[in-house]
Structures are given as structure tokens and as C-alpha cells.
A.B. asks: 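Please read through the structure below; I'll follow up with questions.
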Amino acid sequence: MDAEANPPLNPTKRHKCSACYKQYKKKEHLIEHMKTSYHSVHQPRCGVCQKHCKSFESLREHLTGPLPKGLCSKIFSQQGCQLCLTLFDSPTSLLDHREICRLSAPTRLGTNDLPYTGSQIDCQDSSDENRGGGRPGAVAMDCEMVGGGSDGSLELCARVCLVDEDENLIFHTYVQPQIPVTNYRYDITGLTEVHLRDAMPLKEVREKVLQILYNGESIGKVRLDGGKARLLVGHDLAHDLDCLKMSYPDHMLRDTAKYRPLMKTNLVSHSLKYLTRTYLGYDIQSGTHDPYEDCISVMRLFKRIRAQNHPEEGHGTLTPNNNIVGMTDSWRSKELDNLTPDELYALSRSDYKCWCLDLRPRLAA
């Protein structure tokens, strides 16, 4: 019998994921992997081998970690930006990019020159509704907390700062504590009793913040699709909102502590200090925390991530009708086994909303 006409079966054939390159002995194992990986064009990718990673941290490990991928690490060390992890085609392009990628720390607002409360800029100005192209505008917020209660562990909002996308200060105030302060946390906040003596009541602060965020839009419209309301950018926003005793729709929040690609590989949050040093190239929170400095830094992080250029074709965010997880068992058993790894990848969708989508115009109502 001619061996050429009847080649033996290859018992070692493996099924390789087209996104992260993991290999499986059985096709069903690859399918199960695709169900839980949520691979998409929005995931961080190696500029050399195009491998998908779940976070920028895992991409850094792939490129520059203790056990980097050999060829990728070598090419990246010569042509890659250590901050944004972008790969460039020439040393000249990389040098030009580095000049604009590494930022300088913003000037701190401080506390010595601000022994009063109040808005620094008219917070009722809503002339920027739906910035260029119909996309939503954004505001960054940071709050400083002091301690209340017998042991000083109760979180009391003592200072609020908001900046716009152009890093303009649009609102700043000290906040009147609702209960006596037992720990000003001076080493962190730089605040004393003097700063809060004639501070703005919390209710009034909350009203002004919401006025800025809603930007003249109705509550119903904001809850539905945002309308002309502003996105709220921050780090650990749940903490700030809780201390302000206010709420804002989840789909309008952009939180650098909870955004999947900016988290650790085990889905634990990084500190804002770490993210700023790693992705922007400067240090913050040296000594007392400055809310203006934190606002500027978190807005810069948001804009840097938002500016990523991801293709649209064949991929998008998670929808119930086109994701592998949403398919019926019978459909999966009859159809998915026959799809190639590339076709399985084409079906996969991200399970988070990529911030690059914020640059795309909102659909008209």
C-alpha cells in the first residue's frame, strides 16, 4: 500500500487560539477557551507577534518581564515606547514620539493659597455640549477625605476638585463635614480645621457637581444614553461618589481603578500613583495628595487610553446576540466544531466597553 496516498493521522495535532496563541488538544477545549477569554481587537496586543493580552500589565510582562518573549523583547527594546507600549517603524519615529509621550507633572494646587471655598470658574457654563463630532465630553473628579468617628475611620469628604479635558480647573471647594472631624489626616490631605471652617455644605457641593455633569440634560436622558451629559472620569469613583452621597449612571463612569486593561493580571486595581508613573512618565502624591494633580493625571490616563486606534471590522463590544456565550447548546454543538480558529475569533467580543469608543459620535436619537 502506498504510504503517500494514505498518510497516517497526526495524533499530536493541536488547536491554536488565533488571539493569544494558547494550544489545546481538543477542539471543544478551544471553544470553551473562546467562551471565557472575550478576545477582541480592543485587547492590548503585542506590536511584534500580535498576541492578545488581557491587560497592559500582561503585555508588559510579555515584552519586558522577567521571562519575556525573546524576539518580541528584542525588537521592542529597539523600537518600542516603554510608556504606551506602541511599536514604531524607525528610531527617529520613536524618538519623536517619546518627546510627546512622557509628560511633565502638573503644577499642584496646594492648600496655602486657598483658605476659602467656592467655584473657581463658572460651573454653569455648558457651551461644550457634545464636543467635536457629537462625542461626549468628560470631566475628571477627585475628592480628599478626612476621618470622623471615635477612631477617625469614617470617611468624610473634605475637598472636591473637577477639571475638564483641557486640564482647566472648573470647580474646587472645601466641604463642610457633616459630623465632627476626629482625624484631619494632615500628612496625606494637608488640611486643617481652618480650611473647613467656612466650607461649602455637602448638599450644595453635590448639587454643583451634578449640575456640571448633567450639563443641562434631563435625568431620564442621562440614564438612557447620556445625551449631552459629561462622562465622569476618576480613580475608584465608587469611593468618591459614596462620600459625596451621590450617584451617576454606570455607563457614564470611566474609572481607571476598574478598567480591565489597566488592572493587574489578577483583576486587582493598581494605584493612581503607579498608573501615572507607568503610563505617563512622572510621579504624583509625593507628600500630601493634591486633588488637582490627581484630576489632571486621571484625565491624561483616560485620554491616552481613549486615543487607541482599534479597527471596527468584524469585532465590537459584547452584545447578547452575537457572542459565543449567548449561543444555544444545539447551535454550538452543530456549528462551532466546524469553525476554524480564525472564525471563532471573529465571533468573539469584548466583555467591557473600550474607551476608544468614546471618540465615536453618539447616534442621533
Side-chain angles (χ1 to χ4, degrees), residues 17-20 34-47 50-60 62-63 81 83-87 101 130-140 165 225-226 229-238 248-270 272 275 278-280 297-326 344-363:
C17 173
S18 297
C20 67
M34 296 304 294
K35 286 169 52 181
T36 58
S37 62
Y38 301 106
H39 289 311
S40 82
V41 295
H42 297 293
Q43 284 185 321
R45 273 195 292 184
C46 174
Q50 300 301 310
K51 175 184 177 181
H52 287 52
C53 299
K54 288 186 177 295
S55 66
F56 287 109
E57 181 177 69
S58 57
L59 177 56
R60 286 182 189 278
H62 172 79
L63 294 169
C81 175
L83 294 177
C84 67
L85 305 180
T86 302
L87 195 70
C101 194
N130 284 349
R131 294 170 65 97
R135 66 174 176 83
V139 168
E165 291 187 44
D225 63 9
R230 297 177 172 105
L231 302 173
L232 178 58
V233 181
H235 190 80
D236 194 10
L237 281 169
Y248 202 56
D250 288 345
H251 67 274
M252 299 296 291
L253 303 180
R254 301 294 181 266
D255 194 335
T256 55
K258 302 299 181 184
Y259 188 58
R260 193 75 55 82
L262 289 177
M263 299 176 77
K264 299 179 183 180
T265 53
N266 60 356
L267 297 183
V268 173
S269 301
H270 280 294
L272 180 58
L275 293 175
T278 304
Y279 294 93
L280 302 178
S297 298
V298 81
M299 178 60 80
R300 289 175 176 177
L301 277 168
F302 167 68
K303 290 168 65 177
R304 177 152 292 183
I305 300 300
R306 185 182 63 178
Q308 295 176 106
N309 185 19
H310 295 148
E312 297 183 50
E313 304 82 45
H315 288 81
T317 52
L318 177 63
T319 59
N321 295 324
N322 63 1
N323 188 264
I324 290 176
V325 177
L344 287 171
Y345 171 61
L347 286 174
S348 184
R349 297 293 185 271
S350 173
D351 61 343
Y352 63 89
K353 179 177 179 178
C354 182
W355 289 349
C356 79
L357 300 175
D358 290 327
L359 284 179
R360 300 176 187 175
R362 284 170 170 160
L363 297 177

A.B. asks: When you look at Thr278 and Leu275, which way does the side chain to side chain contact (heavy atoms under 4.5 Å, CB included) test go after all the steps?
C.D. replies: CA-CA 5 Å; Thr278 304; Leu275 293 175; 5.9 Å; no

A.B. asks: Assert yes or no for the condition that the ring centre distance of Tyr345 to His52 is strictly below 6.0 Å.
C.D. replies: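 Centroid separation for Tyr345 and His52: below 6.0 Å.
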
A.B. asks: Looking only at non-hydrogen atoms, find the nearest pair between Lys258 and Ser269 and report the distance.
C.D. replies: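 Nearest heavy atoms, Lys258 then Ser269: NZ-OG, 4.1 Å.
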
A.B. asks: List the steps, then state whether salt bridge (charged side-chain N to carboxylate O under 4.0 Å, His left out) holds for Arg306 with Glu165.
C.D. replies: CA-CA 12 Å; Arg306 185 182 63 178; Glu165 291 187 44; 3.0 Å; yes

A.B. asks: State the SG-NE2 distance between Cys20 and His62, to the nearest 0.5 angstrom.
C.D. replies: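 Taking SG in Cys20 and NE2 in His62, the distance rounds to 11.5 Å.
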
A.B. asks: State the CZ-CE distance between Arg349 and Met34, to the nearest 0.5 angstrom.
C.D. replies: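 Interatomic distance, Arg349 CZ to Met34 CE, rounded to 0.5 Å: 10.5 Å.
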
A.B. asks: With salt bridge (charged side-chain N to carboxylate O under 4.0 Å, His left out) as the test, would you mind laying out the steps for Glu57 and Arg260 before giving the verdict?
C.D. replies: CA-CA 10 Å; Glu57 181 177 69; Arg260 193 75 55 82; over 6 Å; no

A.B. asks: Any chance you could measure Thr265, atom OG1, to Arg60, atom CZ, to the nearest 0.5 Å?
C.D. replies: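 Rounded to the nearest 0.5 Å, the OG1-CZ separation comes out at 13.5 Å.
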
A.B. asks: Kindly confirm or rule out a cation-pi arrangement of Arg45 over Phe56, judged by NZ or CZ under 6.0 Å from the six-membered ring centre and within 45° of its axis?
C.D. replies: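 Here Arg45 fails the 6.0 Å and 45° test against Phe56.
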
A.B. asks: Could you give me the CA-CA distance, side-chain angles and deciding distance for Leu63 and Cys46, then say whether side chain to side chain contact (heavy atoms under 4.5 Å, CB included) is met?
C.D. replies: CA-CA 8 Å; Leu63 294 169; Cys46 174; 3.8 Å; yes

A.B. asks: If you compare all heavy atoms of Met252 against all heavy atoms of Ala229, which two are closest, and at what distance to 0.1 Å?
C.D. replies: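 Reported closest heavy-atom pair: CE-O, 3.7 Å.
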
A.B. asks: Arg230 side chain to Pro136 main-chain N or O, any donor-acceptor pair under 3.5 Å?
C.D. replies: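 The answer is no, because no donor-acceptor pair under 3.5 Å joins these two groups.
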
A.B. asks: Would you give the length of the straight line joining atom CG of Leu301 to atom CG of Leu272, rounded to the nearest 0.5 angstrom?
C.D. replies: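 It comes to 6.5 Å.
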
A.B. asks: So, for Ser58 and Ser55, which heavy atoms are closest and what is the spacing to 0.1 Å?
C.D. replies: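 Heavy-atom minimum between the residues: OG-O, 2.8 Å.
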
A.B. asks: In terms of side-chain heavy atoms, does His42 have a donor or acceptor partner in Gln308 at a distance below 3.5 Å?
C.D. replies: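 Side chains of His42 and Gln308: no pair found under 3.5 Å.
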
A.B. asks: Can you tell me how far the CG atom of Leu344 sits from the NZ atom of Lys35, to the nearest 0.5 Å?
C.D. replies: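 Nearest 0.5 Å value for the CG-NZ distance: 12.0 Å.
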
A.B. asks: On a heavy-atom basis, which atom in Phe302 and which in Leu231 lie closest, and how many Å separate them?
C.D. replies: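 What the structure gives for the nearest pair is CZ-CD1, 4.1 Å.
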
A.B. asks: Does Ala19 offer a backbone N or O that forms a donor-acceptor pair with the side chain of Lys51 under 3.5 Å?
C.D. replies: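 No; judged by distance alone, with no hydrogens or angles, the pair does not exist.
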
A.B. asks: Identify whether the distance between the nearest side-chain nitrogen and carboxylate oxygen of Asp358 and Lys353 falls below 4.0 Å.
C.D. replies: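 Yes, Asp358 and Lys353 are salt-bridged.
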
A.B. asks: Take Asp255 and Val233 through the test side chain to side chain contact (heavy atoms under 4.5 Å, CB included) and record every step on the way to the result.
C.D. replies: CA-CA 6 Å; Asp255 194 335; Val233 181; over 6 Å; no

A.B. asks: For Asn266, I'd like to know if atom CG has over 12 heavy atoms of other residues, nucleotides or ligands within 6.0 Å.
C.D. replies: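 Buried by this count: over 12 neighbours within 6.0 Å.
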
A.B. asks: Closest approach of Leu59 and Cys53, non-hydrogen atoms and distance?
C.D. replies: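 For Leu59 versus Cys53, the nearest heavy atoms are CA-SG, 3.8 Å.
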
A.B. asks: Going through the distances and angles, do Leu237 and Leu232 end up as a side chain to side chain contact (heavy atoms under 4.5 Å, CB included)?
C.D. replies: CA-CA 9 Å; Leu237 281 169; Leu232 178 58; 4.0 Å; yes

A.B. asks: Would His39 and Ser348 count as having a side-chain donor-acceptor pair, cut-off 3.5 Å?
C.D. replies: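 Result is no, nothing qualifies.
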
A.B. asks: For the CD atom of Gln43 and the NE2 atom of His310, what is their distance to the nearest 0.5 Å?
C.D. replies: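 Between Gln43 CD and His310 NE2, I get 10.0 Å after rounding to 0.5 Å.
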
A.B. asks: Where is the tightest heavy-atom contact between Leu359 and Ala307, given as atom of each residue plus distance?
C.D. replies: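 Here Leu359 and Ala307 meet closest at CD1-CA, 4.1 Å.
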
